[in-house]
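Numbering of ligands and ligand atoms starts at 1, following listing order. As the structure is a prediction and not an experimental result, all values here were calculated from the model.
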Amino acid sequence: MEQLIANAVRSLTGISVMFLDLDRFKSINDTLGHHVGDRLLLDVSGRLMQCLRENDIVARLGGDEFVVVLPGSSDVVTVSHIANKIRDALNAPFEIDGNNIFTSPSIGISLYPKDGTTVDLLMKHADTAMYSAKQDGRNQFRFFSAEMNASLEERLSIEKDLRDAVSLNEFSLHYQPIINAGDGRIDALEALIRWNKPGKGLIPPDKFIPVAEESSLILQIGNWVIQEACRQLATWHRSGLDQIRLSINLSTRQLRQPDLAFVIGEIIRNNDLNPAMLEFEITETAAMENAEQTRYVLWALRGVGVRIAIDDFGTGYTSLNYLKLFPVQRLKIDRTFVKDILTDANDAAIATASISLAHSLGLDVVAEGVENREQLAFLKKHHCDNVQGYLFARPLPAAEIQALLEENDGQFFLPGEGFFDI
Ligand code: C2E
Ligand code: MG
Ligand code: MG
């Protein structure tokens, strides 16, 4: 590449550098064995070479990471065309040992001289762009941009601060009620983490959970959440608020911990809690990522006696067969469908179909993100069991939610006339 750069300086031409990573290569290795993974890498490099010219460079950096260098071209249209060609070539099935194997690449592209004039910088920026291609859903290519760099830097700085956040006691839990749509009683509270970073204010979970998830810090944080939520629930139960049930979110990584159920069981015992008063929420996407393994973990959790809910339902791709095999009790319809339930016929159809599906599988349903009475009326009309959202309460600190629980003996009323007659 150094030689190519020297040539490019002389001839005033461009260079493009592609970082290519195979999506979910690890699961192919894990499920079909390393010899199949090795064969796949060989076949991938063969197909890469077929897509390129004689003087282009293809290299394997290690693992499932390849680099392609195209001397002489740095115009976006030509390079996009080649990236598309590579993607299509790798999307076609690979026949290995009688198996038809499907894979896809995530590709990041940096251009000389626009994105860098040294090998280091071009490689680093192509890598950053590749990361962004993965974040945006895989099987695609992305050109490097300065914004990507900014968001990468923000991510790294969050990661750095996150390392200390647990020991510095910077996390807290807020609680949002889940309300029975029939009688207005609080059915459960959902624990939602907040990060109070001195000087930076409250950082919402969407900003740091994904970062924590990538760096395995999530295990430490997730453990803190379970500990703290159980401690709080035990305190409430002892003080007479013994009907409260609590719902706790689990991340993908936590779900992959073989001892998750054991650890949760220990925490429950240490706090002298009835496990039936706890529910764990896993997102649809996390549940389906490795459905067979999920099934075992969920059964182990059920063995401990806790309830299980599928969160953000409708945003992932559920195999209905697995939904039937998972020991879940509840579906939570994602807020994006509730938001436009009155104006968007598709969203309304997805929400009502999810309610029917849940009921026919014997599950109960929570609609997330209910913000107005009209949405509530629609959901009630379609027999949605429970509702959650700003219409009733935002996530609140423990003391405030406790006041709310004591106020009406756990019964919810909207200001004005009795709204549950809607
Ligand atoms: P989620 O579990 O689906 O939680 C619901 C999110 O919707 C919460 O955002 C809540 O504040 C917000 N929300 C509730 N009602 C409304 C409404 O009426 N309108 C609107 N616009 N939003 C509403 P939050 O607290 O920012 O949490 C975001 C996500 O972060 C959660 O989505 C969950 O996936 C994740 N998360 C939060 N706490 C934890 C945790 O302790 N562990 C893990 N692994 N993930 C967590
Ligand atoms: Mg949740
Ligand atoms: Mg949700």
Could you see which bit of [X] sits under 4.0 Å from ligand 1, with heavy atoms only: side chain, backbone, both or neither?
{"X": "Arg335", "answer": "side chain"}
{"X": "Val370", "answer": "backbone"}
{"X": "Glu190", "answer": "side chain"}
{"X": "Val225", "answer": "side chain"}
{"X": "Gln176", "answer": "side chain"}
{"X": "Ile248", "answer": "neither"}

Looking at [X], which atoms of ligand 1 are within less than 4.0 Å of one of its heavy atoms?
{"X": "Glu368", "result": "3 (O)"}
{"X": "Ser251", "result": "44 (N)"}
{"X": "Leu250", "result": "44 (N)"}

For [X] and [Y], indicate whether the former's side chain and the latter's backbone hold a donor-acceptor pair under 3.5 Å.
{"X": "Arg60", "Y": "Leu41", "value": "no"}
{"X": "Gln254", "Y": "Ser251", "value": "yes"}
{"X": "Arg302", "Y": "Val306", "value": "yes"}

Can you tell me which residue and heavy atom of the protein come closest to [atom], and the distance to 0.1 Å?
{"atom": "atom 1 (P) of ligand 1", "value": "Asp311 OD2, 3.7 Å"}
{"atom": "atom 4 (O) of ligand 1", "value": "Leu192 CD2, 3.6 Å"}
{"atom": "atom 19 (N) of ligand 1", "value": "Glu371 OE2, 2.5 Å"}
{"atom": "atom 3 (O) of ligand 1", "value": "Asp312 OD1, 3.0 Å"}
{"atom": "atom 24 (P) of ligand 1", "value": "Pro205 CG, 3.6 Å"}
{"atom": "atom 16 (C) of ligand 1", "value": "Tyr390 CE2, 3.2 Å"}

Is any side-chain heavy atom of [X] closer than 4.5 Å to a side-chain heavy atom of [Y]?
{"X": "Ile109", "Y": "Val76", "answer": "no"}
{"X": "Ile310", "Y": "Ile282", "answer": "yes"}
{"X": "Asp385", "Y": "Arg330", "answer": "no"}
{"X": "Asp242", "Y": "Met277", "answer": "no"}

**OP:** Run through Glu284, Glu281, Glu279 and flag the one making a salt bridge (Lys or Arg N to Asp or Glu O under 4.0 Å) with Lys332.
**Re:**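 Checked Glu284, Glu281, Glu279 against Lys332; only one passes salt bridge (Lys or Arg N to Asp or Glu O under 4.0 Å): Glu281.
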**OP:** Evaluate whether atom NZ of Lys134 has more than 12 neighbouring non-hydrogen atoms of other residues, nucleotides or ligands under 6.0 angstrom away.
**Re:** yes
**OP:** Assess whether atom CZ of Phe262 is packed by more than 12 heavy atoms of other residues, nucleotides or ligands within 6.0 Å.
**Re:**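 No.
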Assess the side chains of [X] and [Y]: does a donor N or O sit below 3.5 Å from an acceptor N or O?
{"X": "Asn274", "Y": "His237", "result": "no"}
{"X": "Asp23", "Y": "Ser104", "result": "yes"}
{"X": "Asp334", "Y": "Thr336", "result": "yes"}

Would you mind checking if [Y] and [X] are paired as a salt bridge, meaning a charged N to carboxylate O distance below 4.0 Å?
{"X": "Glu214", "Y": "Arg155", "result": "yes"}
{"X": "Lys197", "Y": "Glu170", "result": "yes"}
{"X": "Lys26", "Y": "Asp30", "result": "yes"}

Which atom, counting only N, O or S, brings [X] closest to the Mg ion (ligand 3)?
{"X": "Glu368", "answer": "OE2"}
{"X": "Asp311", "answer": "OD1"}
{"X": "Asp312", "answer": "OD1"}

Original post:
Looking at Glu190, which of its N, O or S atoms is the nearest one to the Mg ion (ligand 2)?
Top reply: OE2
**OP:** Please state whether the separation between the Mg ion (ligand 2) and some N/O/S atom of Asn249 is under 2.8 Å?
**Re:** yes
Original post:
Strictly under 4.0 Å, does any heavy atom of Gly369 approach an atom of ligand 1?
Top reply: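 Flag set, Gly369 near ligand 1.
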Original post:
Applying a strict 4.0 Å limit to heavy atoms, is Pro395 in contact with ligand 1?
Top reply: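 Under 4.0 Å: yes for Pro395.
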Subject >> Non-hydrogen protein atom less than 4.0 angstrom from atom 9 (O) of ligand 1 >> reply: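 Under the 4.0 Å cut-off, atom 9 (O) of ligand 1 has no protein heavy-atom neighbours at all.
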Original post:
Protein heavy atom under 4.0 angstrom of atom 32 (O) of ligand 1, is there one?
Top reply: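 It does not: no protein heavy atom is found less than 4.0 Å away from atom 32 (O) of ligand 1.
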Looking only at distance, does [X] have an N or O less than 3.5 Å from an N or O of ligand 1?
{"X": "Asn249", "result": "yes"}
{"X": "Arg194", "result": "yes"}
{"X": "Ile193", "result": "yes"}

Original post:
Within less than 2.8 Å of the Mg ion (ligand 3), any N, O or S from Glu281?
Top reply: no
Original post:
Pick from Glu190, Glu368, Gln388: which one makes a side chain to side chain donor-acceptor pair (under 3.5 Å) with Gln176?
Top reply: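 For Gln176, the side chain to side chain donor-acceptor pair (under 3.5 Å) test succeeds with only one of Glu190, Glu368, Gln388, which is Gln388.
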Original post:
Should one rank Thr283, Thr315, Asp206 by closest heavy-atom distance to atom 29 (C) of ligand 1, which comes out on top?
Top reply: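 Comparing heavy atoms across Thr283, Thr315, Asp206, the nearest one to atom 29 (C) of ligand 1 lies in Asp206.
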